[in-house]
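Scroll down for the structure; my scribbles are underneath it.
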Amino acid sequence: MSRRPLIAGNWKMNNTISEAVVLAQEISNEMEPDWLDHVDVAVCPPFTDLKPVWTVFDFDHLKVAVGAQNVYWEPSGAYTGEVSIPMLREIGCRYCIVGHSERRELFGETNEDVNRKVAALVAERVNPIRPIVCVGESLAVRDEGTYLEYVAAQVKAAFAGLDANDAADAVVAYEPIWAIGTGRTAAPEQAQEVCAAIRAQLAELFGEECAQGMRVLYGGSMNEGNASLLLAQPDIDGGLIGGASLKAKSFAAIVKEAL
Ligand code: 13P
């Protein structure tokens, strides 16, 4: 089955509104509209930038989606500092990163939190916000040699209690922690090995047909120089890009590699 590639930029905690609008406009200028007939593109800026960035792409009639970097699972209430799914939906978000390793490591997010967020996102079928569920092992786990089991367990936990209908629109991103922001990209074969294991785990949970339709991305020091070999792997359906997504030319060049 051929899956439509997805290139998503994770801006992390970068760019004030004025900076975000400039970067979004630069991305819009670099992007050929017909590319978007063949590849899905999303940028995930900080919450404060979501609407202004959405507005730039909307004004240019460019089908670049916006996504959030996090969400809370309750729809409203006394949860100081949190942002809900209805809030993201009204802004026009189409994706939401869930369980990024920085959230797990720096903010104590657990597998159970990730599962609650994924379940809340996929429960809404109208104007869905697709979760981009991040998994990936530390260097210690890689060196131990147990990384395939570790990542498979993260996938299982993230989707606990969900069925194939719930999971079909979700995206999984394999982001080895040792490759994030380090300039040390996983070799294409290393990334392929884990992405194939993720798909096998999805098949075990939801059946082969569902797993073959779901997108599995790679993330971790992906750039215009290494994207083409990574994206050529059979189980890698796109990229979740950090640093290189903050430069319009680099981000557009990666999108072009996915065509
Ligand atoms: P870098 O591309 O900067 O390594 O970041 C990857 C990442 O964490 C995307 O979510």
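Order of appearance sets the numbers: ligands from 1, and atoms from 1 within every ligand.
Taking a cutoff of 4.0 Å between a charged side-chain nitrogen and a carboxylate oxygen, Asp166 and Arg125 qualify as a salt bridge. Note on Asp237 versus Arg199: salt bridge recorded, some NZ/NE/NH1/NH2 to OD/OE distance being below 4.0 Å.
In this structure, the side chains of Ile85 and Pro75 stay at 4.5 Å or more apart for every pair of heavy atoms.
One side chain, Asn70 or Lys117, offers a donor N or O that lies under 3.5 Å from an acceptor on the other.
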Nitrogen or oxygen contacts under 3.5 Å, ligand 1 side and protein side:
residue: ligand 1; atom: 2 (O); partner: Ser221; partner atom: N; Å: 3.4
residue: ligand 1; atom: 2 (O); partner: Gly242; partner atom: N; Å: 2.9
residue: ligand 1; atom: 3 (O); partner: Gly243; partner atom: N; Å: 2.8
residue: ligand 1; atom: 4 (O); partner: Gly181; partner atom: N; Å: 2.6
residue: ligand 1; atom: 4 (O); partner: Ser221; partner atom: N; Å: 2.7
residue: ligand 1; atom: 5 (O); partner: Lys12; partner atom: NZ; Å: 3.3
residue: ligand 1; atom: 8 (O); partner: Lys12; partner atom: NZ; Å: 2.8
residue: ligand 1; atom: 8 (O); partner: His100; partner atom: NE2; Å: 2.8
residue: ligand 1; atom: 8 (O); partner: Glu175; partner atom: OE1; Å: 3.4
residue: ligand 1; atom: 10 (O); partner: Asn10; partner atom: ND2; Å: 3.0
residue: ligand 1; atom: 10 (O); partner: His100; partner atom: NE2; Å: 2.9
residue: ligand 1; atom: 10 (O); partner: Glu175; partner atom: OE1; Å: 3.1
residue: ligand 1; atom: 10 (O); partner: Glu175; partner atom: OE2; Å: 2.9

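The residue from Lys249, Lys247, Lys256 that alone fulfils the side chain to side chain donor-acceptor pair (under 3.5 Å) condition with Glu30 is Lys249.
Within the structure, ring-ring contact (aromatic ring centres under 6.0 Å, His included) contacts touching residues 179-233 (residues at least two apart or in different chains) are Phe159-Phe206.
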